[in-house]
Amino acid sequence: MAVSLAFLLAAAANAEVTVEAPSLVLTGVPFEVSVIVDPSTDYSSPEAFGVMAGEREYPLARSDDGTLVASDIVVDSGGEVAITVLSSSAPVATTTSTAVPGALSVLPPVLAIAIALIFRSVIPALFLGSWVGVWIASGLDGSAFFTSLLAVFQEHVRGAVADPDHAAIMLFTFMIGGMVGIISRNAGMQGVVDTISGWASNARRGQVSTALMGCVIFFDDYANTLVVGNTMRAVTDRLKISREKLAFLVDATAAPIACIALVTTWIGYEVGLIGAATELLDGFSESAYLVYLNTVPYSFYPIFMQVFVFMVAVSQRDFGAMYRAEERARTTGQLQAPGSVEEDASTEGRELIPSDNTPRRAVNAVVPVAVLLTGVIAGLLITGSDGTDKSLREIIGDGDSYKALMWASLSAVLVAAIMTVSQRLLTLEQTVSAWFSGIKLMMFAMIILVLAWTLGSITELVHTADFLVSLLGDWMPPGLAPAMVFVLAAATAFATGTSWGTMAILIPLVIPLTWAIMAANGMTDPSHHHILYSAIATVLTGAVWGDHCSPISDTTILSSLASGCDHIDHVRTQLPYALTTGSVALFVGTIPAGFGLPWWLAMAIGIAILAAFLKVMGRVAGDAPSQKQAGG
């Protein structure tokens, strides 16, 4: 009998029982292992087995998919850990995992943030964080320190680029950049600007026109800043609007509109980050584009800022340093403060500046953008329809957003190119050159995106979210998570000066962390998904808020350049407006919405508070009252 049992156990160990465990586990953080048993044997009952990890034995239970799982396994010390499947106290299968202290799992993203803060450069930060993460995954083997550097590039970066969904996002973003290049060079965007700016006959209309132009050129924040600032400067100068106010109007309608519009150069980037993180969530199956759409109602800061810009422009009320700048411009005609330095934007985007004799036809920009928008919607409807009776939301949710984005962006580029060449605005060679110039503007962002995907996969490898949940999951109210994310994203963007870099670092970490906290509190059902949407939205919006307040922000600097405004004067006058709007977004929008207040109610209350604040604190500068009486 003993011989037969030994023979049977040996057979099971060799062929019928296998154990799957993480290659890396964290000390003190629960994990699980799976035991796969040939169902034709007598060893398929969970009660027939146990799992020994370290000095503790854990029972098995059958999961929904039929796999035998041992959960909540915890090891207390680092090093190699043997994980053995037992049957009748005899080993039938074994594997090993490497255990490291749990605190090390947060080192890759923390190091990335620290390097970005210290050196104000996100690419080295992301790469160094990834390098350290791969080394941790090797068990901190000294001999693997340098080989981990090679593995980051050879395995993880290559894997990020080779992923089909990632490739689709890259191609879409490049195509959008190329379209922007063509419609900038063929003077189509300039035609849109001329159409709107021609209405500006006084200071109020001049400010409203500038803000409206910022909303019209919604598909790229760089293009928005360069076109609106350089074009509207002559109009606002004529109307005695200070350069500080122009820079604010340009800056406040660039990133805020680009991060929430349906199709922009930002959207491919955001959807790529969101998709890579949400596909790792157990029990969550929404498409990345639908998740993005669901975050828009919780994007309080960009929406509040857009509304606030028009409140300021229409009411002509200002406060703080901006009021003093407007009072100076209206009463003395000095558009800049005495001693300030006018920034020069002559070298920015010069490859996309149309020649003076190119006809400025707004239709050459409007049609390609319309094709882009309708193409995305049509693509989602086509790919999401399967002949069954589904709601519009379900159709869009089931649509292939990657395919729709690629179809639409290629169509928009082709339409822009055909319109340009057929009107002889540019030769075919010049059109291709403009397309390529637009692509080049997106290259830096794509490098950041690829490295963000890389770091995201590595934080998953070292179980960063699991460790943070073990620390935060028991005491942090899930509804408070979006607010904490908002503050963290704002601080990171303020210190680094980059919205995209902030999103790249935080989204791969925040999404699994928020979901795990929700799971720990039994809140992963659809009725609580607003917490996840809000957390994702606060990464995006917190990054934009910090970017608006930061003197080293690329878009803040570019706004100063394009508006011909002293950079420090721009930061000094915009900061009170950004802080006011951001505070209302946090305390009236994000926090209440996280605890269940309907987003539309939070939005309405926040807008009312901003209007009341501007009414009480704002004053009309210079000759604005007479302009109002004149019918402006």
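Keep in mind that the numbers below use all heavy atoms, side chains included, and drop hydrogens, waters and symmetry copies.
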Quiz item: Out of curiosity, Leu532 CG to Ile274 CD1, how far, rounded to the nearest 0.5 Å?
Solution: 9.0 Å

Quiz item: Roughly how far, to the nearest 0.5 Å, is CG of Leu451 from CD1 of Ile123?
Solution: 6.5 Å

Quiz item: Does Ser409 reach the main-chain N or O of Met406 with its side chain, forming a donor-acceptor pair under 3.5 Å?
Solution: yes

Self-check item: Steps toward side chain to side chain contact (heavy atoms under 4.5 Å, CB included) verdict (Leu26, Val100)
Solution: CA-CA 5 Å; Leu26 307 178; Val100 298; 3.7 Å; yes

Quiz prompt | Non-neighbouring partners of Arg56 that pass side chain to side chain donor-acceptor pair (under 3.5 Å), sequence neighbours left out | solution = Asp76

Quiz item: Between the main-chain N or O of Leu24 and the side-chain N or O of His463, is there a donor-acceptor pair closer than 3.5 Å?
Solution: yes

Exercise. Answer yes or no: is there a donor N or O on one side and an acceptor on the other, between the side chain of Ser411 and the main chain of Trp407, under 3.5 Å?
Key: yes

Quiz item: Looking at His530 and Gly594, what are the two nearest heavy atoms and their distance?
Solution: NE2-O, 3.8 Å

Exercise. Please tell me if the side chains of Thr538 and Tyr298 come closer than 4.5 Å, counting only heavy atoms from C-beta onward.
Key: no

Practice problem: Can you establish whether the number of heavy atoms outside Phe436 located under 6.0 Å from its atom CZ is more than 12? | Solution: no

Quiz item: In Å, rounded to the nearest 0.5 Å, how long is the span from CH2 of Trp135 to CG of Leu107?
Solution: 9.0 Å

Quiz prompt | Side chain to side chain, Leu149 and Phe153, heavy atoms closer than 4.5 Å | solution = no

Quiz item: Are the aromatic ring centres of His528 and Trp515 under 6.0 angstrom apart?
Solution: no

Exercise. Check each of Val539, Val291, Thr278 against Ile511 using the side-chain contact (heavy atoms from CB on, under 4.5 Å) test, and report the only one that passes.
Key: Thr278

Quiz item: Checking side chain to side chain contact (heavy atoms under 4.5 Å, CB included) for the pair Ile531/Thr514: CA distance, chi angles, key distance, verdict?
Solution: CA-CA 8 Å; Ile531 297 175; Thr514 303; 4.1 Å; yes

Quiz prompt | Closest non-hydrogen atom pair, Val33 against Pro22 | solution = CG1-CD, 4.5 Å

Self-check item: Expected output: side-chain Asp163 to main-chain Gly159 donor-acceptor under 3.5 Å
Solution: no

Self-check item: Set of side chain to side chain contact (heavy atoms under 4.5 Å, CB included) partners for Thr95, sequence neighbours left out
Solution: Val19, Ala21, Ile83

Quiz item: Any idea how His548 and Tyr301 line up, ring-wise: parallel (<30°), tilted (30 to 60°), or perpendicular (>60°)?
Solution: perpendicular

Exercise. Supply the atom-to-atom distance Glu57 CD to Ile73 CD1, rounded to the nearest 0.5 angstrom.
Key: 11.0 Å

Exercise. Using a 4.5 Å cut-off on heavy atoms from C-beta on, say whether the side chain of Leu372 contacts that of Ile176.
Key: yes

Practice problem: Quick one: closest heavy-atom pair of Ile507 and Pro512, and the distance? | Solution: O-CD, 4.2 Å

Exercise. Any chance you could measure Glu286, atom CD, to Leu281, atom CG, to the nearest 0.5 Å?
Key: 10.5 Å

Quiz item: Between Asn294 and Leu290, is there a donor-acceptor pair closer than 3.5 Å when you use the side chain of the first and the backbone of the second?
Solution: yes

Quiz item: Is there a side chain to side chain contact (heavy atoms under 4.5 Å, CB included) between Val485 and Leu488 once you walk through the steps?
Solution: CA-CA 5 Å; Val485 171; Leu488 177 60; 5.6 Å; no

Quiz item: Would the number of heavy atoms belonging to other residues, nucleotides or ligands and lying under 6.0 Å from CG of Asp282 be above 12?
Solution: no

Quiz prompt | Intermediate values then yes/no, side chain to side chain contact (heavy atoms under 4.5 Å, CB included), Val450 and Met170 | solution = CA-CA 9 Å; Val450 169; Met170 294 170 66; 4.1 Å; yes

Practice problem: Classify the ring geometry between Trp131 and Phe146 as parallel (under 30°), tilted (30 to 60°) or perpendicular (over 60°). | Solution: tilted

Exercise. Describe, in one word, how the ring planes of His529 and Tyr533 are oriented to each other, choosing from parallel (under 30°), tilted (30 to 60°) and perpendicular (over 60°).
Key: perpendicular

Quiz item: Hey, does the side chain of Trp435 reach the backbone of Met179 with a donor-acceptor pair shorter than 3.5 angstrom?
Solution: no

Self-check item: Ser184 (side chain) donor-acceptor with Gly181 (main chain) under 3.5 angstrom
Solution: no

Self-check item: Atom pair CG/OG of Leu461 and Ser105 - distance to nearest 0.5 Å
Solution: 11.0 Å

Practice problem: Indicate yes or no for a side-chain donor-acceptor contact from Tyr58 to the backbone of Val74 under 3.5 Å, with no hydrogens or angles considered. | Solution: yes

